[in-house]
Structure formats: C-alpha cells, structure tokens
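Below: one structure, written as structure tokens.
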Amino acid sequence: MLKIYSTLHRGIVPFEPRDEGKVSMYVCGPTVQSEPHVGHGRSAVAFDVIRRYLAWSGYDVTFVRNITDIEDKIIAAAAEAGESVETLAREMGERFEDAFVGLGVLSPDFEPEATKHIDEIITLTEVLIDRGLAYTRDGDVYFSVRALESYGKLSGRNPDELRSGYRIEVDESKEDPLDFAVWKSAKPGEPWWESPWGPGRPGWHIECSAMAEKYLGRGFDIHGGGSDLLFPHHENEIAQSEGASGTTFARYWLHNGMVNLGGEKMAKSTGLVVDLAPILKSHGGRALRMLYLRAHYRSPIEFSDVLLVEATEALDRLDRFRQRATPGVPDEMALDRFREVMDNDFGTPQAMSLLFDLVRDGNRLLDEGGDGSAIAGAVETIVAVLGLDDASDPAAGEPALTDAEVDALVAERNQARSERRFDDADAIRDELDDQGVSLEDGPNGTRWLRK
RNA sequence: GGCGACGUGGCCGAGUGGUUAGGCGCGGGUCUGCAAAACCCGUUACACCGGUUCGAUUCCGGUCGUCGCCUCCA
C-alpha cells in the first residue's frame, strides 16, 4: 500500500488514484530563462524516480512536465541578451533537455509549452471572468483572491495574514494587493497574442492550470514541483482551476526540497548557483543522481565537491559489484523490502541502504563461491527503478583504449608478473590506471574495470 | 511579523519509545609480489533545559540555533 506525503493533506496519506490502475502526474517544469542548475536537476530526478517507481509498481502512468516559455523573466533576459524571447526560450529549453537526458530523466508523455496553449488559456480566463473570480483593468486581467473562499488552502495562509505588514508594491490598478495577473497587456516590444482584452500574454500561473487540465483532466492525481513553488504559484494554480471548474484540481501535492550551497538555497537571484552541464560532464549524471537519492526528496540537501566525490565513490562500489556478479531471477525478499521502503513516501535513502546491504551480502556470497545471481538480479531491478542503471547515463564516453587493447596489456603485465618483473608489471598497471582502467588480481586471474 | 521545516557520530544522511540504518573517511586484520577490490573487526551519535514513562535520541513544553516561503525561483 503506497503512502505519500501530500502538502495539501499536511501528512502522509494513502495513495488512491482517480482511476483504478492509472496515475496522472503533472510536474512544474522549468521557466526557460537561464542555464539549468543543480537544483533543477534535483526536482527532475525526484519526480522521475517517483514516476519510475509508480510504473514499476504496475500503474499506467501519464506524466506531464510543462515548459513555461513566456514570462516576465524570460522577456527581461532576452532583452538583456539582445535576443528574441522565442530564441532565448528555445535555446534554454534545449539546455534543459540536454541536462535532463544527462541525468537519465525519462521523457515526459507530454511536454506542453505555454505559448502553444494560448487558446486554452484565454478560454479559461473567460470562465474566471464569467464566474466573477477575475476582472479586467485596462487590458489586464486579475484574479480576485477575495472572491474565492478557499484561497490559501494549500500553503496554509489566509489573505488577512498575507496582507498585514507587507511591503508589496501596490499596483493601483488591482482591487486588492493580493490579486494576481491572469493576463497581462503587452508593453511595447513585448511578445503578444490577440485576446478579448486586447493584445497581451498569459500571467505566470495560468498556463499550468490550462495545460494540466487539457492533458490530464480534472482531479488528476499528483501535482509536483519544488517547495519554492508552493506559494504563490501552486496556490494560484489551484485558485484558478478550482475556481473555474468548481471541483478538485489535483488530488495530491508533492514538493521536493531545495539544494543548498553552504547552507543556503541555490538560487539564481543570489548568485549561489552551480550549473548542471559541467557537473554532468565531469562526474556523469549517475553520480549526481546518487547524491540526490541519498537524501529523502523532501529534505533540503547540501551540494559540494566533497559530497559529489563521496557519491561517486558510493556509486563505484555499487558498480564494482554489478560488474562482478551475473544477475539472475531477482531475490523476492529483497524486492519486497524495496517496495516496503518506497511505499513509504518514496524512501530512497532506505532503498540505498538496502542496495548496499545487498552489495555486501552479494560480495560475501561470491567470495565464498556461492551463487549471487538472485541478489545481483534484485540489485539490477532496484538500480533500474532508481534510474541508476547504465541506460540512464548516455553521457558515458568512448573509452581511450578498446577492450582488445586492454586485454593485450593485461596479458603483457601478467607475463611480466609470472617472470617476477614486478617493476614492468606495475608500470603497465599505472599506465592502464591513467587510461581509466583499474585492475584486480584474484585467484582466477586478473579482472579489469573501467572507472 | 505570519506560515513551515529542521538541529543525529570525522563528514553526508536515515530511522525508532527499550534491539547494528547505509555511504564516505579513519584504524586494525584476512588475501596479495605489491597494490586494488572484496570480506571481517573497531571508530556508536542523537543541540540545551525541564516534563511524561519502568525506560526517550524517539512523545510533550520551553530555550538556543539553522533554513525555507510570505517578491521571481526546481
């Protein structure tokens, strides 16, 4: 029985999908305004693992991850770069795509872009106006927070608390400072689309409301995103969607924790950012994934070079076992334990613990000459569900030495060893080490592994 | 100020009312020409102060500290 933490419920609750055997998921993807960083990667990996696990558990999963490609920040960034909004959004979208692929994140079933759903957005906005939940002002459309009684139910805030003592730049055209834009009239030089309220563009939250309903329908199962989106973004999505439909928008809300640098949140605004691309290149996507998965997805995690190295070492240990053992029919007890920890709000840290317990058990068995295939099979299964399998690392480079060349050098070294020319043997070993190949001399000969 | 999360051993990071998380590191050992790997043994902690309890790291209250959201943000 799967139990998940839902921000809306403020606790761990049993997961009951809208439709038997199916899961519909919508995850807030990037606003394509700048380079993807390690924080974006964490969110993508967190929901990728959740998705993979649900699918492995037998659910038919429909996974949607949007791209917000029109928004104030993108307009500003494009202006600064002297590019068109469209060009910048496309470029950054590609960077995100590359990074996600590098992290072994599976492609969404749908990846809708805001600018391709203007009609749906306009239709939804009209409904909000008809229902008295939104109003127009000089070509803008605002959502009237006070018109919706349930406003604040996700984030646990009420309008009165929000209002008191806040230094919001009060926009005189709004009826209430808390009201937010659903549609913004175009300023000179900005991209625009025709609408009943004049030329303009969507506000920030409306695209998710419109696209989630289009691809998943009302009352879909899981809505995910970073904890920093909880308010106001997700709160406003709910307000718009439930205000318009009068029914549940999403059943469960999941939020991943932030990535910190030196204890503080990684964020573009503070300059505390580590871009994904160089990390993927230097350490590979699997190492980063390992770093992410060692902590629970809801906890904040620290990122540093030292931690990345630690994760890499842990991954190496796992890989050494995987290269050593031949997988067979998975050990059922191990898989049951895996289900148990994952069914408890996707406990990847416990899954990692289990994985390394299996590695130790498997190694011991193999050392004793036993059959490690069942354990190895379980390890392979778990590794695949966590996305730590080799298929998830397309970035694995072409080796400098071919297998045949390595074999030849190993044979040459062993010849030297048998003649007790150990200096020569060690020289070859060093050479191979430089090429990223490590050797292990055992009773049955020498094994070699690429690092 | 409001809402929320958290303070665990050298580091990272789970978890639990009473029994070894796990990883990395470190020390010792087995094995080995040496090394590496693997295995074995050791390194054993829960911010502080009260309370509840036979017993609290785990529950309750308080103190201190850290962080997130309240403005764009994965």
Side-chain angles (χ1 to χ4, degrees), chain A residues 7 10 27-31 33-34 36-47 71-74 76 96 152 155-158 160-169 178 204 224-233 235 255-260 263-270 273 290-291 294-296 298-302 304 306-307 309-318 320-321 323-324 341 344 347-357 359-360 362-368 417-418 420-423 425-426 429-430 433 438-443 446-449:
Chain A
T7 307
R10 291 176 192 282
V27 174
C28 280
T31 298
Q33 49 149 329
S34 56
H37 63 237
V38 173
H40 296 117
R42 185 45 151 188
S43 187
V45 167
F47 291 104
E71 193 266 335
D72 291 1
K73 286 278 185 179
I74 305 175
F96 271 92
S155 58
R157 294 155 211 266
N158 69 58
D160 294 321
E161 283 171 352
L162 283 171
R163 194 173 192 177
S164 61
Y166 250 81
R167 35 95 180 158
I168 307 169
E169 296 276 338
L178 293 177
W204 175 34
S227 61
D228 53 352
L229 296 180
L230 214 164
F231 188 90
H233 185 53
E235 192 69 65
H255 291 97
N256 65 274
M258 299 292 101
V259 175
N260 292 160
E264 289 194 41
K265 179 185 162 188
M266 183 177 291
K268 189 102 172 70
S269 54
T270 53
V273 170
M290 172 69 78
L291 183 150
R294 294 199 312 166
H296 187 87
R298 282 192 283 114
S299 305
I301 53 168
E302 186 64 27
S304 71
V306 170
L307 295 173
V309 168
E310 278 191 12
T312 305
E313 296 294 329
L315 183 65
D316 284 348
R317 174 168 161 77
L318 180 62
R320 270 182 240 115
F321 174 71
Q323 291 189 43
R324 178 184 186 192
V341 298
N344 184 202
T348 60
Q350 295 95 322
M352 298 300 319
S353 176
L354 166 61
L355 208 45
F356 285 100
D357 280 344
V359 166
R360 181 181 304 105
N363 273 323
R364 186 162 41 208
L365 207 51
L366 258 25
D367 281 355
E368 292 165 356
R417 287 176 70 212
S418 67
R420 302 195 69 80
R421 288 185 284 112
F422 295 122
D423 286 348
D426 291 350
R429 183 167 62 198
D430 290 346
D433 190 65
S438 57
L439 303 184
E440 295 176 10
D441 298 325
T446 300
R447 291 192 320 125
W448 57 268
L449 312 160

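Not measured: the values here are computed from a predicted model. Note on naming: letters A, B, ... go to the chains in the order of the sequence lines (proteins, then strands), and numbering restarts at 1 for each one.
Nucleotide B:rC67 holds its P atom 16 Å from the CE atom of A:Met258, rounded to whole Å. For the pair A:Glu368 CD and B:rC31 P, the computed distance is 16 Å after rounding to whole Å. Taking atom CZ on A:Arg10 and atom P on B:rC3, their separation rounds to 12 Å, with Å as the unit. The distance between atom CZ of A:Phe356 and atom P of B:rG13, rounded to the nearest whole Å, is 16 Å. Taking atom CG of A:Asn260 as the reference point, atom C1' of B:rC6 lies 11 Å away to the nearest angstrom. A:Lys265 has its NZ atom 12 Å from the P atom of B:rC72, to the nearest Å. Distance A:Leu355 CG to B:rA14 C1': 15 Å, rounded to the nearest Å. Across the protein-nucleic acid pair, A:Asn344 atom CG and B:rG15 atom P stand 8 Å apart, rounded to whole Å.
The P atoms of B:rG7 and B:rG15 are separated by 10 Å, rounded to the nearest whole Å. When the C1' atom is compared between B:rG22 and B:rA14, the two are found 8 Å apart, to the nearest whole Å. Comparing B:rU44 with B:rG9, their P atoms sit 12 Å apart, to the nearest whole Å. When the P atom is used for both B:rG65 and B:rG28, the distance is 42 Å, rounded to whole Å. B:rU63 and B:rG1 are spaced 13 Å apart, taking the P atom of each and rounding to whole Å. Comparing the same atom, P, in B:rC24 and in B:rU57 gives a spacing of 29 Å after rounding to whole Å. Look at the P atom in both B:rA56 and B:rC46: the space between them is 14 Å, to the nearest Å. Distance noted for atom P between B:rC70 and B:rG13: 24 Å (whole Å).
Closest contact between the side chain of A:Asp228 and the listed nucleotides B:rA14, B:rC12, B:rA74 involves B:rA74. Of the listed nucleotides (B:rC34, B:rA37, B:rC69), B:rC34 has the atom at the smallest distance from the side chain of A:Asp426. When distances run from any side-chain atom of A:Leu307 to the nucleotides B:rC12, B:rG13, B:rC67, the shortest one goes to B:rC12. Nearest nucleotide to the side chain of A:Glu310, out of B:rG25, B:rC34, B:rG23: B:rG23. Of all nucleotides listed (B:rA14, B:rG23, B:rG33), B:rG33 comes nearest to the side chain of A:Asp441. Considering only the side chain of A:Lys73, B:rC72 comes nearest among B:rG33, B:rC72, B:rC39. Among the nucleotides B:rA21, B:rA74, B:rA38, the one closest to the side chain of A:Ser353 is B:rA21. Of the candidates B:rG25, B:rC72, B:rC69, B:rC69 carries the atom nearest the A:Phe231 side chain, counting heavy atoms from C-beta on. Among B:rA74, B:rG13, B:rG2, the nucleotide with an atom closest to any side-chain atom of A:Met266 is B:rA74. With B:rA14, B:rG33, B:rA74 as the candidates, the nucleotide lying closest to the side chain of A:Ala295 is B:rA14.
Note on A:Arg364: every side-chain N or O is 4.0 Å or more away from OP1 and OP2 of B:rA38. Residue A:Thr31 places at least one side-chain N or O under 4.0 Å from the OP1 or OP2 atom of B:rA74. Using a 4.0 Å cut-off, no side-chain N or O of A:Arg447 falls inside it from OP1 or OP2 of B:rA36. A sub-4.0 Å separation between OP1 or OP2 of B:rG15 and a side-chain N or O of A:Gln350 is present. In this model, the phosphate group of B:rC39 is approached by a side-chain N or O of A:Arg317 to a distance below 4.0 Å at OP1 or OP2. Phosphate proximity of B:rU32 to A:Arg417: absent, as no side-chain N or O sits under 4.0 Å from OP1 or OP2. The shortest distance between the side-chain N/O atoms of A:Asn256 and the OP1/OP2 oxygens of B:rA74 is not below 4.0 Å. OP1 or OP2 of B:rA38 lies within a sub-4.0 Å distance of a side-chain N or O belonging to A:Arg320. Distances shorter than 4.0 Å separate none of the side-chain N or O atoms of A:Ser155 from OP1 or OP2 on B:rG2.
For the 3.5 Å distance criterion, the side chains of A:Glu235 and A:Ser155 qualify, holding a donor opposite an acceptor. Counted by atom type alone, A:Arg320 and A:Asn363 present zero donor-acceptor pairs between their side chains at under 3.5 Å.
A 6.0 Å sphere centred on CG of A:Asp430 holds more than 12 heavy atoms belonging to other residues, nucleotides or ligands.
Contact of A:Arg294 with B:rC24 (side chain to base): no donor-acceptor pair of N or O atoms is detected under 3.5 Å.
Here A:Phe422 lies parallel enough and close enough to stack on the base of B:rG33, with planes under 30° and ring centres under 5.5 Å apart.
A:Arg417 pairs by the salt bridge (Lys or Arg N to Asp or Glu O under 4.0 Å) definition with A:Asp441, not counting sequence neighbours.
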Test A:Arg364 against A:Asp367 for salt bridge (Lys or Arg N to Asp or Glu O under 4.0 Å), laying out the working first. CA-CA 5 Å; A:Arg364 186 162 41 208; A:Asp367 281 355; over 6 Å; no
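Counting non-hydrogen atoms under 4.0 angstrom, A:Val309 reaches nothing in the nucleic acid. Backbone-only contact: A:Gly263 has heavy atoms under 4.0 Å from sugar-phosphate atoms and none from a base. Nucleic acid contact class of A:Gly347 (heavy atoms, under 4.0 Å, all strands): none. Contacts of A:Leu439 with the nucleic acid, taken as non-hydrogen atoms under 4.0 Å apart, include base atoms. In this structure, A:His296 reaches the sugar-phosphate backbone alone: every heavy-atom distance under 4.0 Å involves primed, P, OP1 or OP2 atoms, never a base.
As the counterpart of B:rA21, no nucleotide is assigned, since no Watson-Crick or G-U wobble pattern has both distances under 3.5 Å. Summarising the base pairing, B:rG27 is matched to B:rC41 through a Watson-Crick or G-U wobble pair whose two defining distances lie under 3.5 Å. Nucleotide B:rU58: unpaired (no Watson-Crick or G-U wobble partner with both distances less than 3.5 Å). Of all nucleotides present, only B:rU66 satisfies the Watson-Crick or G-U wobble test against B:rA5, with each distance under 3.5 Å.
Where A:Val259 and A:Glu440 meet RNA chain B, the nucleotide closest to each residue was compared, and A:Glu440 sits on the side nearer the 5' end. In this structure, A:Arg429 and A:Phe47 both approach RNA chain B, and ranking their closest nucleotides by distance from the 5' end singles out A:Arg429.
Between the NE2 atom in A:His255 and the CG atom in A:Leu230 there is a gap of 4.0 Å [rounded to 0.5 Å]. Put simply, CG on A:Asn260 and OG on A:Ser304 are 11.5 Å apart, with the number rounded to the nearest 0.5 Å. Here A:Lys73 contributes atom NZ and A:Ser34 contributes atom OG; the two are 9.0 Å apart, rounded to the nearest 0.5 Å.
With respect to A:Glu310 and A:Arg294, a salt bridge is recorded, a charged nitrogen being found less than 4.0 Å from a carboxylate O. The pair A:Arg429-A:Asp426 meets the salt-bridge criterion, since a charged nitrogen lies less than 4.0 angstrom from a carboxylate oxygen.
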